[in-house]
Novice: 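Have a look at the structure that comes next, please.
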Protein chains: 2
Amino acid sequence: MLEQFETVSKAVADRNRVRILKLLETGELCVCQVTTVLDLAPATISKHLSVLKTAGLVQQRRDGRWVYYRLAEREFNPYALRALVLVASSLADDPTVAEDRRLLHMVNAVPLQTLCDQGRAALSSKAQANTTCCGGPS
Amino acid sequence: MLEQFETVSKAVADRNRVRILKLLETGELCVCQVTTVLDLAPATISKHLSVLKTAGLVQQRRDGRWVYYRLAEREFNPYALRALVLVASSLADDPTVAEDRRLLHMVNAVPLQTLCDQGRAALSSKAQANTTCCGGPS
DNA sequence: GGACCAATTCGCTGGTTGGCAAAATGATAG
DNA sequence: CTATCATTTTGCCAACCAGCGAATTGGTCC
């Protein structure tokens, strides 16, 4: 019990994992989409997603070469859903979260194949009209 | 924002700090009482309490030589109260938490001075008996 | 089959954290 | 003022963790 609670809290107690959860609130996402928005190494994102999955906060689905993640629907962990509610009701107007959502919009406008090939470069073409491409990513 | 959220999550993402919060749900407690129940070095408990305080989850009050901690009432951190609610609604029947509460009852039966002098030894001698429990107000 | 690809796992590194003992702090009692 | 006491701070160590590159896995396409 305490262990399960600790697993969930620890999973949520990381800035980038929270960013991932906030992204997934908008719906299912492919790993490469998350990677592009957070601008971290694929290995790092994969590990974060693994931690979130172990905590029962997300679940995965494979479709061909791509793996999609979404917020957990079933109760893998008795505290996971409550933690998701907490996250969902928080950080609504956090600047980083807002910027991530803005980037996600641009990511969604790019075909998955292009995104996986070019990574963040796939966004620049669209971002040119939009001057500021993340002045300070973190 | 994200930083404040992270501070709170990290504070809650530790087994022993959660145990402290669950203890404080029963009311205000002196540091030496918490130390006796958790059975850790005073320095360790003090550091944990400091982390909880920095996160805005608890507040302190000094009374003579003793320092009392209680769950935060004011909004030092915009996410602290929500986290406290989450903790309060969790772990109701966790064995460790239950055992801590049992010990706390015994601790409450011992005068503070005796507790500070003898630590855990003060419990074995007066395991049963007298006086009102709960020195804590409210 | 083999080339290719997205994602994961492995191995490593720098930074963080929980734990304690010892010293420092701040208050009380004589 | 001095001694004493509860708590906090400091210094240190072992364990853990986020991050990345390299190697591996599981899958598609030719």
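Residue numbering restarts at 1 for every chain, and letters A, B, ... go by the order of the sequence lines.
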Novice: Please report the distance, rounded to the nearest Å, between CG in D63(B) and P in dT7(D).
Specialist: 11 Å
Novice: To the nearest Å, how far apart are Y68(A) OH and dA7(C) P?
Specialist: 9 Å
Novice: State whether the side chain of R62(A) and the backbone N or O of G64(A) hold a donor-acceptor pair below 3.5 Å, judged by distance alone.
Specialist: yes
Novice: Would you indicate which nucleotide in dC5(D), dA18(D), dG27(D) comes nearest to any side-chain atom of R65(A)?
Specialist: dG27(D)
Novice: Between dA21(C) atom P and L40(B) atom CG, what is the distance in whole Å?
Specialist: 11 Å
Novice: Starting at CZ of R61(B) and ending at C1' of dA27(C), how long is that distance when rounded to a whole Å?
Specialist: 15 Å
Novice: Can you tell me if R17(B) touches the phosphate of dG18(C), counting only side-chain N or O atoms and a distance under 4.0 Å to OP1 or OP2?
Specialist: yes
Novice: Mapping K47(A) and R62(A) to their closest nucleotides on DNA chain D, which lands nearer the 5' end?
Specialist: K47(A)
Novice: Going from OG1 on T26(A) to CG on N108(A), what distance comes out if it is rounded to the nearest 0.5 angstrom?
Specialist: 7.0 Å
Novice: Side-chain N or O of H48(A) less than 4.0 angstrom from OP1 or OP2 on dG19(D)?
Specialist: yes
Novice: Rounded to the nearest Å, what distance is computed from the CG atom of residue L49(A) to the C1' atom of nucleotide dC17(D)?
Specialist: 16 Å
Novice: Indicate whether OP1 or OP2 belonging to dA6(D) is found under 4.0 Å from a side-chain N or O atom of Y69(B).
Specialist: no
Novice: If I take atom CH2 in residue W66(A) and atom P in nucleotide dA6(C), what distance separates them, rounded to the nearest angstrom?
Specialist: 8 Å
Novice: So if I take every side-chain heavy atom of A43(B) and compare against dA7(C), dC20(C), dT8(C), which nucleotide ends up nearest?
Specialist: dC20(C)
Novice: Any side-chain N or O of Q60(A) under 4.0 Å from OP1/OP2 of dA7(C)?
Specialist: no
Novice: Can you tell me the distance, in whole Å, between the CD1 atom of I45(B) and the C1' atom of dT7(D)?
Specialist: 12 Å
Novice: Quick check on DNA chain C: between T44(A) and L112(A), whose nearest nucleotide comes earlier from the 5' end?
Specialist: L112(A)
Novice: May I ask you to check whether E28(A) and Y68(A) show a side-chain donor-acceptor distance below 3.5 Å?
Specialist: no
Novice: Specify the separation, in whole Å, of atom CD1 of I20(B) and atom P of dT7(D).
Specialist: 13 Å
Novice: For residues 80-93 of chain B, tabulate all N or O donor-acceptor pairs below 3.5 Å that involve a side-chain atom, not counting sequence neighbours.
Specialist:
residue, atom, partner, partner atom, Å
R82(B), NH1, S89(A), O, 2.3
R82(B), NH1, S89(A), OG, 3.3
S89(B), OG, R82(A), NH1, 3.3
S89(B), OG, V85(B), O, 3.3
S89(B), OG, L86(B), O, 3.0
S90(B), OG, L86(B), O, 2.7

Novice: What are the two closest heavy atoms between L40(B) and N16(B), and how far apart are they?
Specialist: CD1-ND2, 3.6 Å
Novice: When we call it a touch if two heavy atoms are under 4.0 Å apart, what does Q33(A) touch: a base, just sugar-phosphate, or nothing?
Specialist: nothing
